[in-house]
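Everything below concerns the one structure shown next.
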Amino acid sequence: MSDQPSKDQHEEAYLSLTKGLDELDFGGGPVPCDLVLIGDHSFPIAMNSRGQVPMAASFYGKGRIVVMGHEGYLRSFPDLVKNAVAWLRGEGSGNLSVGVHENVKAVADNLQNSGFQAEVVEDFSDKLDVAVFVTNAYSVADNHKALVTFMRKGGGVLIAGQAWHWASQNRKRNILHEFDGNKVADVAGIYFSGQAVKKEKLPVYPQIPSSWMAMVLGKDFEDDLRFLLNGISEFKIPKNVTASEILVHGPLAFPIGCTEDKKTFLAGGYYGQGRVIVVSHEGLLKLEDMAPFWKNALLWLDEGRKGVVGIRGNHGHKILSKSGLKCQKTNLKEDLSVYVTLPKIDNPEEIVNFVAEGGGLLLAGHAWHWAMTHKKQHVLRDCPANKVLNKMGLSLLAQTLKGRTCKAPDPSRVLQETYHFRHLLHRFACHVNAGDKLTKHEEDCFKNLDSHCSTYLSMKAHDCPPYKQVVSTLSDIVKKSHVPPVSGRTPLKQPKERLLLSVGTSLYQVCPNQEEILSCLVADNPVMPVVYNHKVKVDVDTKESEWISTGLYLSPGMKTYVAAPPELVNQKWKIQIGCQTDKLKGDVLKRAPDVCQRFPINSSMTQVSNLWGGLIYLVAPKNAKVKGAEVTVQVAVPAPYYKSGETTAEQWELLRTAPSPWAELEFENIIFTMSSKAVRKLERPDKLAAIWDEIMRAIAALAARPAKFHRKERFVSEVQISHGYMHAGYPIMAHSDIAKHLVDVKVIKEKGMWGVIHELGHNQQQGCWEFPPHTTEATCNLWSVYVNEELLGNPRHKAHTAVSKEKRRKRAADYVKAGRNLGKWSMWTALETYLQLQDEFGWDPYKKVFAAYQKMTNIPKDKNAKMNLYAETFSKTVGMNLCGFFKAWGWPIKAETEQKLSDLPPWNDHPMAQFD
């Protein structure tokens, strides 16, 4: 979105235009036409109960324009006309001269009486020394180019007229480009349409009016698509092409090519007096199969001028030349009819003006690579191509789609077969606000709408009227839809409910009135006791990014300030609210999809909050060394937080009753985060710490790592996670019901702990000795076996029935019988290989092997080479040639490896020998 005008300039303009007015009476007299608004700068001055716009204003270049939907309003609203002329002059202009076309000369007397120097003229001329020109929409046919130039250079234009009568008399003509008034107003993003406006008496609102009903499209596009898709039944996109998804969001933009899952890769639109087509991979310009479409596209963009097609960089010249139009390699210049360019654009303003004033634009290319290489920037707002396309109601996204064959849509059913962000948002608003029933196609598009709402809102383009309209529409939807509360007891299963929850979360981040959205999404938000100016000591020496617990919690929507010392400011430190970093995508939601939020520490004082609340953390970057620093949290809710070596028994007696719904137990090498209910009855956290300290040291011992982890593991149990019952990572995530086992010393000692250690084992796996996908779910279980047997005294077959002697033997026998196929060597079968080694040689070789790998360099990346290296390393560690054993398991042992180990005694009586 554009950086100009500034954030408040549209609202300031609106206030200037409506100064001294309480209402605008459109109830009698003229029947105005509805004005269609596009681009960054056009905004309504008035809007009726149906979302129709009889008056609007905009900026263009250095100038301004006010458009009225009927010429009669130049007489009916004399005060508004005076305000309009005063605003159109521009701030600080001493020029009071106003040119008035003779066909609306009655305006001149009104302006003369208001102190302006009004001059009635036969027609507009660039020789007129005026600040503003007033005309009707029917008297600009011969001078529209001069008027546009006048406006671009700083002039103001007041133009009034209606187009519904013209449209009724010219049904086969294109009103957007052929109606005279549009040849002036459309460059600024305002179009006279063929629709009449319902006449009403309207109040003058304190802010620019907005309505969900104004989200309608400005055209049906059937005629455009019939032209563009003439002779086209499908689009064949090569499988090796990775295109960007296109977001179609403008009222005069439309999809042309979509995948089966409604992701757009080809789209078009109107902008000003020109047209645009965007395809989201430049390689499609070179496809012979696409040549018929590109011929149609260039002719549509050319609009019958038979002009020159300029191609920047000569990309696609061979195919595009088959259009019959003259194609030449050139940069943008004035005499081109159509300009073809890639997304790498260094002159966005020139291109926008070229299209606005009648040119055709074909932009071919993706944005996903730009997004990958510009992670600190926003792809919609900052990508050079989108600085052009956004204004035209089209945007390239970072999301991708792979090559495939896609059926061309039926031009008469494009909105029923494809996806248009603005149209679906309008339909959803109709469903919520007016009870309209949605079609299955529309409901099937909810996932796209969810994702696109989040992406669109994250631009935070508050200076842009279309963005503000989307925010307003979504606010209406969320406030009127009564989003049901979400929890483990009341999960959301309906697509509509999931969409509302997700959109509400995204909306809260940008909505000007967050309290209203909060009350719609969070039903139960009790006031909790707080502490003030709580200090958190920071002593870190990190290798990896690390969370630092504060023992504090923020309620949903609660705001606080965090004061940071200089050594943390602008050093990549962050404040995190929330521990559930998993983002959910399931069909059933037991919580909001995204509930964790981070804030960079870029100043000594940072305000933070989270719609869903959460524990407060400091996030240290990699390689951070800070000692003795102190962070102060202004106000927060205390949480049950125990830290070994710091929290006394007396302190814990009080802390375990702290009001936060989340609790943390921080031990020597691991931190558990769980529901506070799980720790309320925990009387001796020191005893629990002792057993977990032993477990973590055992894990370190098998991995041949120091007993003190360089970063404590984190384990979060909550109501819903992204996949599985548990999954590894930082933090390890698990379902809520595991919490009661984590804090029960008796259960841990008597029943063991397989699954949790399994995930901790995942975090110990190293790519140098891992062979995915075979061993991904296998070698992590070495830690489960080791901890249960060696520390907890729980035999492996009791720790997990899958490793009983009977099942182990059968598994090995079945594997041999099936042909020792390495493709089936995975999970429990793969684990058996490692357990057979452990049965024979014990645990000590594993520790030595893992230690040896830590010192290795130049480890191969090829899986077969890595497997040979492992066989060699293990053999040398135990002093036996294990090639026969590994070959019996189907490993691709090379002759070179066998030669290296030929001096070692062979292991002939290995367990697999019985199957030979």
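Only this structure's heavy atoms are used, side chains among them; waters, hydrogens and symmetry mates stay out. Numbering starts at 1 and runs along the sequence shown.
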What are the two closest heavy atoms between [X] and [Y], and how far apart are they?
X	Y	value
Val388	Val352	CA-CG2, 4.0 Å
Pro32	Lys199	CD-CG, 4.1 Å
Asn386	Val379	ND2-O, 2.9 Å
Val53	Asp34	N-OD1, 2.8 Å
Ala253	Met392	CB-O, 3.8 Å
Thr505	Leu521	N-CD1, 3.9 Å

With a 4.5 Å limit on heavy-atom distance, are the side chains of [X] and [Y] in contact?
X	Y	answer
Asn525	Ser555	yes
Tyr270	Tyr191	yes
Pro44	Pro209	yes
Val140	Lys183	no
Ile477	Val503	no
Leu425	Leu474	yes

Is a salt bridge present between [X] and [Y], judged by a nitrogen-to-oxygen distance below 4.0 Å?
X	Y	value
Glu357	Arg152	yes
Asp450	Arg498	no
Lys468	Glu11	yes

Does the separation of the ring centres of [X] and [Y] fall below 6.0 angstrom?
X	Y	result
Phe446	Tyr419	no
Phe26	Tyr73	yes
Phe133	Phe150	no
Tyr467	Tyr456	yes

How about [X] and [Y]: does a side-chain donor come under 3.5 Å of a side-chain acceptor?
X	Y	value
Glu516	Asn513	yes
Ser49	Glu200	yes
Gln514	Gln509	no

(message) Over 60° means perpendicular and under 30° means parallel, so tell me whether Phe43 and Phe59 are parallel, tilted or perpendicular.
(response)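 Geometry flag for Phe59 against Phe43: tilted rings.
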(message) Does atom CD (Gln112) have a neighbourhood of more than 12 heavy atoms from anything else shown, all under 6.0 Å?
(response)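 Yes, CD of Gln112 has more than 12 neighbouring heavy atoms, counting only those of other groups under 6.0 Å.
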(message) Around atom CZ of Arg598, are there more than 12 heavy atoms from other residues, nucleotides or ligands closer than 6.0 Å?
(response)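 Correct, the count exceeds 12.
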